[in-house]
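Let me begin by presenting the structure, written as structure tokens, before commenting on it.
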Amino acid sequence: MRSTARKTRLTAGVAAAVLALAALTGCSTSESSTTADGLTKVKLQLQWFKQGQFAGYLAAVSQGFYREQGLDVEILDGGTDIVPQTVLAQGQTDYAIAWVPKALASREAGAGITNVAQIFQRSGTKQVSFKTAAISGPGDLRGKKVGNWGYGNEFELFAGMTKAGVNPAEDVTLVQQQFDMNAFLARDIDAAQAMSYNEYAQLLETKNPATGKLYTTDDFTTIDWNDQGVAMLQDAIWANTEKLRDSAYADRTVKFIAASLKGWAFCRDNVATCRDLTVAAGSTLGASHQEWQITEVNKLIWPSPNGIGVIDAAAWDRTVSIAKTTRNQEGATVLTKDPDAESYTNDYVTKALDLLRSQGVDVVGSGYTPQAVTLTEGGK
């Protein structure tokens, strides 16, 4: 999945060793410098290459929202060999976007990072099957070939099956799914992992060989982990825990969050513009795919009753509980203990929201209605 699922996960031992090496060698931190026109330079590390999943940050650059806050933000592409939270902990970037369970695993291994704004309020992960497979819930996965990406992206699936009384180690045939939908389309997998904003769209951009027309939503059924009560928190803005003790970095964090949230509010109200700027940023996926992706990401953010970016304690506790208790096929859990008190804070996002409200920005989106998107073959 061209998203957080496509990141290679460091094991706890490797992550700890990397962080220790950085400390021993005096790895240089991303101390911000100032541009000729007085802006403070800031680096943001993404989880993957620039695409609609990160449109709010791209919009904050293109629309000048970071500049309004005195910031000159450079957005760094992710990749298969980049673990954003490790890059942040090593001081090579100022902020990073990462899924909560993966970042908490890194924190448990020694990464000094703190969740300062929870952008996605809902999970975008689904398990997709052809309607003919008659899989309407996790209990129906019993006896099926079930695909998952691994790398820490499988725990909602495993939690959902366990809750439904399906033993992931015995009652299904687990298939290591590649980061595409080819095996699923070839019927080698009965139920495949997909993000609502990416892989699911790829199915709808593919011709059904039986009809010669694009597949439609009527051809598939999906299991939404939000509906099953096992959703885990995903994209969040992470800051350097140690640097947050510095007043200048703390103030910069409020400004960075405020501008980023304003970018997401802009993409809520201007999907077409954000589609175009995402394509212009170099995405290899086409315009209709980006429009779908931004629309689906908006559904994960809006409405935000407490204000965009606020970390909901119940959702956090659920994520931590699943990370501590759900075992994958190797018997491993994401976490071995509760994260400490500095793992997240709403202090900075609360100040950022106050700033945006004073500007008249709608930070709740209570009237948000998703627009319809027409996909084309290949997402062009």
Pair listing, salt bridge (Lys or Arg N to Asp or Glu O under 4.0 Å) test, anchored in residues 311-330, at least two apart: Lys324-Asp338

Hphob cluster co-occupancy, Leu244 + Val254, side-chain heavy atoms under 4.5 angstrom: yes

Donor-acceptor contact present, side-chain Thr93 to main-chain Lys43, <3.5 Å: yes

Euclidean distance, Glu156 CD relative to Thr319 OG1, rounded to 0.5 Å: 8.0 Å

Evaluation steps, side chain to side chain donor-acceptor pair (under 3.5 Å), between Ser106 and Gln85: CA-CA 7 Å; Ser106 294; Gln85 61 270 24; 3.2 Å; yes

Validation row: Asn208, Lys213 side chains within 4.5 angstrom (heavy atoms): no

Thr376: side-chain hydrogen bond (donor to acceptor under 3.5 Å, both in side chains) partners, not counting sequence neighbours: Ser288

Pairs involving residues 273-380, ordered by first then second residue, that meet disulfide (SG to SG under 2.5 Å) (sequence neighbours left out): Cys267-Cys274

Value rounded to 0.5 Å, distance of CD in Gln69 from OG in Ser260: 10.0 Å

Sidechain-backbone polar pair: Trp238 side chain, Ala103 backbone, donor-acceptor under 3.5 Å: no

Test: Arg122 and Asp224 ion pair at under 4.0 Å: no

Asn328 side-chain N/O to Ala332 backbone N/O, donor-acceptor pair under 3.5 Å: yes

Side chain to side chain, Thr216 and Asp219, heavy atoms closer than 4.5 Å: yes

Exercise: identify the closest heavy-atom pair between Ile82 and Asp77: CD1-O, 3.6 Å

Nearest heavy-atom neighbours spanning Ser196 and Trp292: O-NE1, 3.0 Å

Same apolar cluster: Phe49 and Trp99, side chain cutoff 4.5 Å: yes

Aromatic ring proximity Tyr249/Phe256, centre distance under 6.0 Å: no

Connected via hydrophobic side-chain network under 4.5 Å: Val61 and Phe65: no

Working for side chain to side chain contact (heavy atoms under 4.5 Å, CB included), residues Ile237 and Ile97: CA-CA 5 Å; Ile237 298 175; Ile97 309 301; 3.8 Å; yes

Non-neighbouring partners of Arg187 that pass side-chain hydrogen bond (donor to acceptor under 3.5 Å, both in side chains), sequence neighbours left out: none

What side-chain donor-acceptor pairs closer than 3.5 Å can you find for residues 111-120, not counting sequence neighbours?
residue, atom, partner, partner atom, Å
Thr114, OG1, Thr241, OG1, 2.7
Thr114, OG1, Glu342, O, 2.7
Asn115, OD1, Ala117, N, 3.1
Asn115, ND2, Gln118, OE1, 3.0
Gln118, NE2, Phe120, O, 3.0
Gln118, NE2, Gln234, O, 3.4
Gln118, NE2, Asp235, O, 3.0

Short side-chain to backbone donor-acceptor contact, Glu291 and Val373, under 3.5 Å: no

Salt bridge flag under 4.0 Å for residues Lys255 and Asp251: yes

Distance in Å, Ile294 CD1 paired with His289 NE2, rounded so as to fall on 0.5 Å steps: 10.5 Å

CD on Gln53 to CG on Leu58, rounded to 0.5 Å: 11.0 Å

Lys131, NZ: over 12 other non-hydrogen atoms inside 6.0 angstrom: yes

Side-chain (Asn240) to main-chain (Lys243) donor-acceptor, under 3.5 angstrom: yes

Working for side chain to side chain contact (heavy atoms under 4.5 Å, CB included), residues Phe54 and Val297: CA-CA 9 Å; Phe54 312 113; Val297 165; over 6 Å; no

Heavy-atom pair with the smallest gap, counting every atom of Leu353 and Val310: CD1-CG2, 3.5 Å

Any donor-acceptor N or O pair under 3.5 Å, side chains Asp140, Ser136: yes

Criterion side chain to side chain contact (heavy atoms under 4.5 Å, CB included) on Asp72 and Tyr66, from CA distance to verdict: CA-CA 7 Å; Asp72 178 27; Tyr66 288 127; over 6 Å; no

same_hphob_cluster(Ile322, Leu104) at 4.5 Å side-chain heavy-atom cutoff: yes

Ile301 vs Arg268, side chain to side chain contact (heavy atoms under 4.5 Å, CB included): CA-CA, chis, key distance, verdict: CA-CA 9 Å; Ile301 300 173; Arg268 175 195 64 207; over 6 Å; no

Asp171 side chain vs Arg142 backbone, donor-acceptor pair below 3.5 Å: no

Salt bridge flag under 4.0 Å for residues Glu377 and Lys380: no

Parallel, tilted or perpendicular, as decided by the 30° and 60° cut-offs, for the rings of Tyr344 and Trp316: tilted

Side chain to side chain donor-acceptor pair (under 3.5 Å), paired with Glu68, selected from Lys262, Gln63, Gln359: Lys262

Residue pairs involving residues 64-105 (criterion disulfide (SG to SG under 2.5 Å); sequence neighbours excluded): none

Non-hydrogen side-chain atoms of Asn182 and Gln178 separated by less than 4.5 Å: no

Check: Lys126 and Met195 side chains under 4.5 Å, non-hydrogen atoms: no

Hydrophobic cluster identity match, Leu157 and Leu203, side-chain contacts under 4.5 Å: no

Aromatic centroids of Phe130 and Phe184 separated by under 6.0 Å: yes

Derivation of the salt bridge (charged side-chain N to carboxylate O under 4.0 Å, His left out) call for Asp246 and Arg252: CA-CA 10 Å; Asp246 174 71; Arg252 188 157 64 245; 5.6 Å; no

Point-to-point distance, once rounded to the nearest 0.5 Å, from OG1 of Thr132 to CG of Asp190: 9.5 Å

Residues Lys351 and Asp354 bridged, charged N to O under 4.0 Å: no

Heavy-atom check, side chain of Ile308 versus side chain of Trp302, under 4.5 Å: yes

Between Tyr95 and Thr253, a side-chain donor and acceptor under 3.5 Å: yes

Any side-chain heavy-atom pair of Asn153 and Lys102 under 4.5 Å: yes

Spacing of Asp269 atom CG and Tyr368 atom OH [to the nearest 0.5 Å]: 9.5 Å

Within-4.5 Å side-chain heavy-atom neighbours: Phe158 and Val230: no

Tyr57 vs Val73 side-chain heavy atoms within contact, under 4.5 Å: no

